[in-house]
Amino acid sequence: MTNASELIDDLQWRGLIAVSTDLEALREALDAGPVTYYCGFDPTAPSLHIGSLVQILTLRRLQQAGHRPLALVGGATGLIGDPKPNAERTLNSAETVAQWVGRVRAQIEPYLSFEGDNAAVMVNNLDWTAPMSAIDLLRDIGKHFRVNKMIAKEAVSARLNSDAGISYTEFSYQILQGMDFLELYRRHGCVLQTGGSDQWGNLTAGLDLIHRVEGRTAHAFATPLVTKADGTKFGKTESGTVWLDAEMTSPYAFYQFWVNADDRDVAAYLKVFSFRTREEIEDLEKAAAKRPAAREAQRALADELTALVHGQQQRDAVVAASQALFGRGALADLDPATLLSALAELPRARAVRAADGSWPTVVELLAQTGLSPSRSAARRAVSEGGAYLNNVRVTTEDAHPADADLLGGRWLVLRRGKRNLAAVDTAEPGTED
RNA sequence: GGCAGGUUGCCCGAGUGGCCAAAGGGAGCGGACUGUAAAUCCGCCGGCUCAGCCUACGUUGGUUCGAACCCAACACCUGCCA
């Protein structure tokens, strides 16, 4: 077991502790032996996204230090909805939530070990919430919650002051999460809860409840909100949220997300997400400062996380694809296998010959593949010198691909700007492979 | 309920009868550039069958050769008074 000071120091150095209860008390508890701790994930979508990765990896870090994780998937809280600052959530059906519980659970499992003395346990708060009657909830739990305190919580007060207001349903959310901590304390001796800083109000609801009911002081710490230097929301790209599910965000897109991290953010991301040692991370920071254009730090981060989330094999495939697509060599020189796997990662469009045997113009293809939102934009891209066919700049607006351009006799690679790529398949419909 | 002001492109915001697809700023996009990052500079930034046409300045209708701009009604927002 890693000693407590080392563990806490490492978490602090990584910037993973944004707010916490008494850290000295937590150190003592961690030193006294393996601590059982938990973090909850609500099934609000069929997959978690990279924002949740901070929580998952924090669970993993603590387990690697010898402590015992409980990963809670909120079958009950997912039916209620955690108050968002701006708007009331739409309720999902019980079937949907149940299905998402299964998916989210399967998504978390690979990061934890279910063997050994500190084996992880998956729990679902529906198990203790569903059987409870309204009377039990109001008498046994509700009596310990002061409304004055509940409305003071940031999530609730923001909503009370907003036009959206807040439903009793969402107002009650903190009671359920507080109850979870109490229940896990009773069932598993859980004395530490982690979560995102936006959850702090909910974490403290549990601490208070345990204190009132059990007379015991438990611990909690919250990870910071991961931010981006340009002020936009972390975990989003032009094409939407970066999900952990390979079907929803391809491993290639996932890898590209990290490769494209801003220089100003990459050091912080390494600390939060990477399992590299402090020395290794500091070396990467130095390399980034010295030669930013090489972007070694981004590559290291993308490599590690793609392997962690999608596996070594996928990592190798997307790295090879990225090198092929962004490399210096001519695409025509690539071996067919590498070419095909690289193309598999890209958005795809199909092209057919016109009656006279010619292929559609590059402008047409840019619009069709979605690389440019309209034909006007595609035309502009060409006139600005930002359109490429097989990584060669297209210089005239009426340029057509020629048969000689077809890679492997069939494919075209289109690019707009530095990093937006798409594949065009020219095979006759029905004749492909 | 009364009075006053407002509603412009992704956002902020100028424009009060033709020179307005609409100033300026932000965001975004492209290029240069040191590998897909940043900074900086330059260019672009409604659509199309692109020297032209179409759509667009809250909604609907009207005045006019011509309207984002004038008039009327409606909707929503803001301020002051009750």
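By convention in this document, chain letters (A, B, ...) are assigned in the order of the sequence lines, proteins followed by strands, and residues within each chain are numbered from 1.
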Nearest to side-chain heavy atoms of A:Arg380, which nucleotide of B:G47, B:C48, B:U34: B:G47

Centroid-centroid under 6.0 Å between A:Trp258 and A:Phe273 rings: yes

Between P of B:C29 and CG of A:Leu366, the distance in whole Å: 16 Å

OP1 or OP2 of B:G35 under 4.0 Å from side-chain N/O of A:Arg419: no

Atom-pair distance (CD on A:Gln256; P on B:G35), nearest Å: 16 Å

Sugar-phosphate, base or nothing in reach of A:Arg264, heavy atoms under 4.0 Å: sugar-phosphate

Euclidean distance, atom CG of residue A:Asp303 to atom C1' of B:G35 [Å, nearest integer]: 15 Å

Flag for A:Gln177-A:Asp180: side-chain donor and acceptor within less than 3.5 Å: no

N-O pairing of A:Asp10 and A:Arg278 below 4.0 Å: no

Complement of B:C74, any strand, by Watson-Crick or G-U distances under 3.5 angstrom: B:G58

Cation-pi, A:Tyr388 ring and A:Arg415 (6.0 angstrom, 45 degrees): yes

Mate of B:G79 where both pairing distances stay under 3.5 Å, Watson-Crick or G-U: B:C3

Protein-nucleotide distance (A:Glu285, atom CD; B:A38, atom C1'), rounded to Å: 16 Å

Assigned partner base of B:A51, Watson-Crick or wobble definition, under 3.5 Å: none

Base B:G43 paired with A:Glu384 side chain (donor-acceptor, <3.5 Å): yes

Rounded distance (Å) that lies between atom C1' of B:G30 and atom CG of A:Leu414: 16 Å

Of the listed nucleotides B:U36, B:U34, B:C48, the one nearest the side chain of A:Ser376: B:C48

Touch class at under 4.0 angstrom, heavy-atom based, for A:Ala261 against every strand present: sugar-phosphate

A:Lys418 NZ to B:C29 C1', straight-line distance once rounded to whole Å: 12 Å

Interatomic distance, A:Arg416 CZ vs B:G30 C1' [rounded to whole Å]: 8 Å

Face-on cation placement of A:Arg68 at A:Tyr37 ring, 6.0 Å and 45° thresholds: no

Sugar-phosphate, base or nothing in reach of A:Ser372, heavy atoms under 4.0 Å: nothing

Atom-to-atom span, CG of A:Leu325 to P of B:G35 - whole angstrom: 18 Å

Plane angle bin for A:Phe171 and A:Tyr168 - parallel if under 30°, tilted between 30 and 60°, otherwise perpendicular: tilted

Sugar-phosphate only, base, or nothing, as touched by A:Arg393 at under 4.0 Å among non-hydrogen atoms: sugar-phosphate

Touch class at under 4.0 angstrom, heavy-atom based, for A:Asp262 against every strand present: sugar-phosphate

Identity of whatever pairs with B:A22 - Watson-Crick or G-U, under 3.5 angstrom: none

Sugar-phosphate only, base, or nothing, as touched by A:Tyr388 at under 4.0 Å among non-hydrogen atoms: sugar-phosphate

Side chain of A:Asn420 - closest among B:A37, B:G30, B:G47: B:G30

Closest to the A:Asp263 side chain, choosing from B:C48, B:U36, B:A37: B:A37

Touch class at under 4.0 angstrom, heavy-atom based, for A:Ala381 against every strand present: nothing

Pair assignment for B:G28, Watson-Crick or G-U wobble, requiring both distances under 3.5 Å: B:C44

